[in-house]
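Counting starts at 1 for both ligands and their atoms, following the listed order.
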Amino acid sequence: MTLWLAGIGVSRGVAIGPAHRVHPADLDIPEFTLEPDAVEAEVARFEQALAQARGQLTDVSRQIPGNAPDEIAAFIETHLLMMQDSSLADRVPALIREQRLNAEWALKRQQDHLISVFEQMDDDYLRARRDDVRHVAARIQRILLKEERVIAPRGQKGRLRPIIVADDITPADIILMHQQGVAAFVTEHGGPLSHTAILARSLRVPMIVGLHGARRLLADEETLIVDGDAGHALADASQSALAFYRHRQRRDRRYRRMLSQLRDEPAISADGVRVRLLANVELPDDSAEAVSVGAEGIGLYRTEFLYMNRGDMPGEDEQLSAYRRVLQTVAGPVTIRTLDLGADKTAASVRQQAQATNPALGLRAIRFCLKEPDMFRVQLRALLRASVDGDLRIMIPMISNVQELQQTRRLLEQAKSELRSEGHAFNNAVALGAMIEVPAAALAAPQLARHADFFSLGTNDLIQYTLAMDRVDDEISYLYDPLHPAVLRLIQTTIDAGRAAGIPVSLCGEMGSDQRYAALLLGLGLTEFSMHPANIPEIKRLVMQSRVGELRRRVADILAGDDPATYRAQLAELQASH
Ligand code: PEP
Ligand code: MG
């Protein structure tokens, strides 16, 4: 009978292949003492395993996809450095020699010691390094134990590429396994915003996370269907289900070919409404991909990645050159968001972030920047200096009241007068906008609109804060509900307030990249979307097929109705008919 498992789809597409379970967490470590004459051979065995593990990671670092965030490379670099460090490279051989432990046991002892050292550290960043120690040690242990993940070599005739089923997967392993030819990834833990999920999307490999118990429920080699769009995995599927999913794979391939032909078409609906499709980027280099898929500009550049994985803060010139690169690559508007650190995004140079009891509600984003005006000033100055290189819009995250926007404007004016007296050029009329991602900001949007040059709806946080659900906790991810009437009302209030004040309103949360919500958002009056570049062609196609006037009427009717039983069915019907 078909086994149907539900998780969270974090990378789209359909894959069919034999399941291959990996058990990184439960390696069985043998422990025994050596005869004196076996000691040197054991040291040599450890050193060989260490060299092989280093070789694997060096290989991985060469294969990182061009569109992957910088932090991925930094993450792998950290693991390589750990392998070279004397705490592993010298200490484990010393334990083998001094106590005559077998290599696996010596490595395990040293791993436990290092973890306990890291655990005692005050600094959260350093404390988090214990996971790196675990990953690095597990990689060497697998080699020592000959438990290497033997995965079907690429292109082996007559054999389908395997689907990896794991507890969790490190970003480095995702690259390594992808290189070996893997059809999809399924993990029991992890969330859609993890580095691993980001990489799977960059590599365009279907992936489902949060599929609890998958390794227990699935058997090696059984044929698995992974539906990364729906977040479902099916085992022991019927012939008709297999035929259905094979058909979907063929259709997806044809569809992607067709979409690529829309690249240079403007996004105009069937009834003539012009819609602007912008891209979300994490790194300056992502902007080239955005342009290549036909993005008309950047709707969200997340600058916090400039601050992550380093011990210091990026200076004014470094920031200026990063912002310039984006502005010079993209012809349309470039919306650069000021630093949004806090909650799940931390930087070593910013300590108070991680110590808060409830960081998502703490000193995050603009709150932190206003508390550290000297640091914020550096970013504002860099942004202003970059403003002469293109159509820059400065966007402020996590605004919850008018004062935050006014204070930011004052700091911006101060930075302008400094630059003026130093003789630097800048665009005096540079736009300053607010992200609407706190329910209070959405409800107060009519007042905020008097102080902002534009709005951008950050639905990832807006949904998190409205529904009181931590966006990175897979235990309660079922509560993530963009269709909740409260969420839709806040979106509607924001769009209406923007229109009444004559300022543009965009949406840059994940909801805007999701084809399931395109008709609804157009019906709510949204005319500017910002999303992961890969989704632009598909949303463009939906826009071109839409009759926006009709969608607006239908959405208004649905939202005005007060029957919760039919409300979702009507929204589903709206999307299906679209
Ligand atoms: C959002 O909250 O919707 C958003 C786009 O910002 P981030 O995901 O970076 O918090
Ligand atoms: Mg946000």
Side-chain angles (χ1 to χ4, degrees), residues 8 10 69-71 191-195 197-198 201 277-283 286 290 295 297-308 334-347 350 353 359-369 379 393-400 404 433-442 445 454-473 477 479-484 486-488 490-491 494-495 505-514 517 521 524 526 528-533 535-536 539:
I8 310 165
V10 296
D70 262 359
E71 26 177 350
L193 303 174
S194 69
H195 292 153
I198 293 171
R201 287 195 285 272
L277 301 181
L278 309 172
N280 291 354
V281 297
E282 268 84 49
L283 297 169
D286 297 345
I298 305 296
L300 166 65
Y301 169 19
R302 292 180 160 103
T303 58
E304 48 279 5
F305 287 101
L306 275 172
Y307 292 70
M308 285 154 91
V334 171
T335 316
I336 303 188
R337 179 172 75 181
T338 58
L339 183 60
D340 182 12
L341 277 183
D344 60 313
K345 290 179 283 195
T346 53
V350 181
Q353 298 286 325
L361 301 180
L363 197 57
R364 195 192 146 179
I366 188 60
R367 303 170 176 187
F368 172 64
C369 289
Q379 182 166 43
R393 313 199 287 189
I394 301 176
M395 180 158 84
I396 312 300
M398 223 191 155
I399 287 286
S400 58
E404 287 166 339
M435 277 196 79
I436 303 296
E437 49 184 352
V438 175
F454 63 91
F455 282 158
S456 183
L457 280 152
T459 46
N460 305 340
D461 278 314
L462 188 62
I463 295 170
Q464 148 165 275
Y465 294 128
T466 306
L467 304 181
M469 50 84 55
D470 185 341
R471 61 190 261 191
V472 291
D473 184 346
S477 57
L479 288 172
Y480 175 82
D481 180 13
L483 298 183
H484 192 292
V487 172
L488 297 188
L490 294 173
I491 295 176
T494 307
I495 295 174
V505 180
S506 166
L507 186 150
C508 62
E510 294 294 303
M511 187 182 177
S513 321
D514 195 325
Y517 307 124
L521 292 172
L524 284 168
L526 191 74
E528 193 173 291
F529 294 63
S530 188
M531 65 195 78
H532 189 279
N535 295 323
I536 287 181
I539 300 291

> Taking only heavy atoms of Cys508 into account, list the atoms of ligand 1 that are under 4.0 Å away from them.
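The atoms of ligand 1 under 4.0 Å from a heavy atom of Cys508 are 5 (C).
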> Answer yes or no: does an N/O atom from Thr459 fall short of 3.5 Å to an N/O atom of ligand 1?
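So ligand 1 has an N or O lying under 3.5 Å from an N or O of Thr459.
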> For Ser400, what residues pass the side-chain contact (heavy atoms from CB on, under 4.5 Å) criterion, not counting sequence neighbours?
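Testing Ser400 for side-chain contact (heavy atoms from CB on, under 4.5 Å), a comparison that skips the adjacent residues, returns Arg367, Glu404, Val438.
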> Please indicate whether any nitrogen or oxygen in Arg302 is less than 3.5 Å from any nitrogen or oxygen in ligand 1.
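The answer is yes, given that Arg302 and ligand 1 share an N or O pair closer than 3.5 Å.
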> Kindly indicate, with the supporting measurements, whether the criterion salt bridge (charged side-chain N to carboxylate O under 4.0 Å, His left out) is fulfilled by Arg471 and Glu437.
CA-CA 13 Å; Arg471 61 190 261 191; Glu437 49 184 352; 5.6 Å; no
> For Gln464 and ligand 1, answer yes if some heavy atom of the residue is under 4.0 Å from a ligand atom, otherwise no.
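In this structure, Gln464 fails to qualify as a contact of ligand 1 - no heavy atom is under 4.0 Å.
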> Just give me the atom name: the N, O or S atom of Asp461 closest to the Mg ion (ligand 2).
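It is OD2, the N, O or S atom of Asp461 closest to the Mg ion (ligand 2).
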> Not counting sequence neighbours, which residues clear salt bridge (Lys or Arg N to Asp or Glu O under 4.0 Å) with Asp514? List them please.
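By the salt bridge (Lys or Arg N to Asp or Glu O under 4.0 Å) rule, Asp514 matches Arg516.
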> So do the side chains of Met435 and Cys508 get within less than 4.5 Å of each other, counting heavy atoms only?
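Yes. Closest side-chain heavy atoms under 4.5 Å.
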> Restricting to N, O or S atoms of Glu437, which is nearest to the Mg ion (ligand 2)?
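The atom in question is OE1.
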> Can you tell whether the side chains of Glu528 and Arg393 come within less than 4.0 Å, N to carboxylate O?
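Salt bridge between Glu528 and Arg393, a charged N being under 4.0 Å from a carboxylate O: yes.
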> Would you say the side chain of Tyr301 lies within less than 4.5 Å of the side chain of Asp286, judging by non-hydrogen atoms?
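SC-SC contact between Asp286 and Tyr301 ruled out.
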> Measuring from atom CG of Leu490 to atom CD1 of Ile436, what distance do you get when rounded to the nearest 0.5 angstrom?
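Going from CG on Leu490 over to CD1 on Ile436, the span is 10.5 Å.
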> Of the backbone atoms (N, CA, C, O) and the side-chain heavy atoms from C-beta on, which set of Leu462 has a member under 4.0 Å from an atom of ligand 1: side chain, backbone, both, or neither?
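None of Leu462 does.
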> Looking at ligand 1, is there an atom of it that comes within less than 4.0 Å of some heavy atom belonging to Met511?
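Met511: no contact with ligand 1 (<4.0 Å).
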> For ligand 1, note which part of Arg337 has a heavy atom under 4.0 Å away: side chain, backbone, both or neither.
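Side chain only.
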> With heavy atoms under 4.0 Å as the rule, classify the contact between Met435 and ligand 1 as side chain, backbone, both or neither.
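Looking at Met435 and ligand 1, just side chain atoms fall under 4.0 Å.
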> So if I count the atoms of ligand 1 from 1 in the order they appear, which ones are less than 4.0 Å from some heavy atom of Gly458?
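Within the 4.0 Å cut-off of Gly458, ligand 1 contributes 1 (C), 2 (O), 3 (O).
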> Check each atom of ligand 1 against the heavy atoms of Leu300 and keep those under 4.0 Å away; list them by number with element.
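Those qualifying, in numeric order: 5 (C).
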> Between Met395 and ligand 1, which residue portion shows a heavy-atom distance shorter than 4.0 Å: side chain, backbone, both, or neither?
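It is neither part, as no heavy atom is under 4.0 Å.
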> Below 4.5 Å, heavy atoms only, C-beta onward: do Arg364 and Asp461 meet side chain to side chain?
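Sidechains of Asp461 and Arg364: in contact.
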> Should Arg364 be listed as contacting ligand 1, given a heavy-atom distance under 4.0 Å as the test?
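Contact check Arg364 vs ligand 1: positive.
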> Relative to the heavy atoms of Arg471, which atoms of ligand 1 are at a distance of less than 4.0 Å?
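Reading through ligand 1 atom by atom, the close ones are 2 (O), 7 (P), 8 (O), 10 (O).
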> Would you say the side chain of Thr335 lies within less than 4.5 Å of the side chain of Phe454, judging by non-hydrogen atoms?
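Counting from C-beta outward, Phe454 and Thr335 do come under 4.5 Å.
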> For Phe455 and Ile495, run side-chain contact (heavy atoms from CB on, under 4.5 Å): C-alpha distance rounded to whole Å, both residues' side-chain angles, the deciding distance at 0.1 Å, then the answer.
CA-CA 9 Å; Phe455 282 158; Ile495 295 174; over 6 Å; no
> Specify side chain, backbone, both or neither for Met398, according to which of its non-hydrogen atoms lie closer than 4.0 Å to ligand 1.
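None of Met398 does.
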